[in-house]
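What follows is one structure encoded as structure tokens, with my remarks underneath.
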Amino acid sequence: QVQLVESGGGLVQAGGPLRLSCAASGRTFSNYAMAWFRQVPGKEREFVAALRWNSGSTDYADSVKERFTISRDIAKSTLYLQMNSLKPEDTAVYYCACKMGSAFITVMTSYEYWGQGTQVTVSS
């Protein structure tokens with residue numbers, strides 16, 4: 001059983017950085033993809049960034065390109081999201097997700113496993 005545990009959320013001022021971590025366990029994650037999604041109350045969960053575990057290739061939502069960086073530590077089975085130049089509109093609960101295969105990595109419904117989420121609040 002795959003388990004995903006996020007950490008690193010918190011309160012940060014606009015313009016500041018924050019790094020999220022997602023510790024994954026229960027599998028060897030070769031041939032998997034992992035991603036970050038976010039959700040605010042009353043809105044659908046939206047794609048933020050994704051990474052193919054084997055190749056390290058990445059995809060980003062347009063709203064976070066050039067500000068956010070997704071990466072992984074293979075030895076630690078940990079996914080990261082480095083967030084820079086944060087804006088109040090980045091405020092959300094951020095979720096880590098994992099799926100088998102490397103197709104449709106930006107599509108929320110293709111993900112099988114989810115973490116519990118971590119709150120990120122950006123003050124203006």
Between [X] and [Y], what is the shortest heavy-atom contact and its length?
X	Y	answer
P88	S124	CG-CB, 3.8 Å
M34	L4	CE-CD2, 3.8 Å
I105	A50	O-CB, 3.5 Å
G56	T58	O-CG2, 3.4 Å
A92	V40	CB-CG1, 3.7 Å
L20	Y94	CD1-CB, 3.6 Å

Worksheet item: Under the criterion ring pair (Phe, Tyr, Trp, His ring centres under 6.0 Å), which of W36, Y32, F37 is the partner of Y111?
Response: F37

Worksheet entry | Test log, rule side chain to side chain contact (heavy atoms under 4.5 Å, CB included), inputs V122 and Q13 | CA-CA 5 Å; V122 184; Q13 286 191 331; over 6 Å; no

Any side-chain heavy atom of [X] sitting closer than 4.5 Å to one from [Y]?
X	Y	result
L18	V120	yes
M100	Y113	no
C98	E112	no
T121	V12	no
T69	M83	no

Practice prompt. Assess whether side chain to side chain contact (heavy atoms under 4.5 Å, CB included) is satisfied between V48 and L81, documenting all intermediate values.
Written response: CA-CA 10 Å; V48 174; L81 185 68; 4.2 Å; yes

Find the distance between [atom1] ([X]) and [atom2] ([Y]) and round it off to the nearest 0.5 Å.
X	Y	atom1	atom2	result
S102	L51	OG	CG	11.0 Å
C96	E6	SG	CD	5.5 Å
Q82	I70	CD	CD1	12.5 Å
N54	N31	CG	CG	5.0 Å
K87	S63	NZ	OG	8.0 Å
L11	Q119	CG	CD	9.5 Å

Practice prompt. Report the C-alpha distance between F104 and M108 in whole Å, list the side-chain angles of each, state the deciding distance to 0.1 Å, and finish with yes or no for side chain to side chain contact (heavy atoms under 4.5 Å, CB included).
Written response: CA-CA 9 Å; F104 307 111; M108 182 187 70; over 6 Å; no

Discussion item. Please evaluate residues I74 and F29 with respect to the criterion side chain to side chain contact (heavy atoms under 4.5 Å, CB included), reporting the C-alpha separation (whole Å), side-chain torsions for both, the decisive distance (0.1 Å), and the verdict.
Written reply: CA-CA 9 Å; I74 294 174; F29 292 99; over 6 Å; no

Item to complete: Would you indicate whether E44, at its atom CD, is surrounded by more than 12 heavy atoms from other residues, nucleotides or ligands within a distance under 6.0 Å?
Response: no

Discussion item. Taking CD in Q3 as the centre, count heavy atoms belonging to other residues, nucleotides or ligands within less than 6.0 Å. Is the count above 12?
Written reply: no

Discussion item. Can you confirm if the NZ or CZ of R38 lies within 45° of the ring axis of Y95 and under 6.0 Å from the centre of its six-membered ring?
Written reply: no

Worksheet entry | Donor-acceptor under 3.5 Å (S57 side chain, S55 main chain) | no

Worksheet item: Is a side-chain donor or acceptor of R72 paired with a backbone partner of W53 at a separation under 3.5 angstrom?
Response: yes

Worksheet entry | Pair Y60 + F47: ring centers closer than 6.0 Å | no

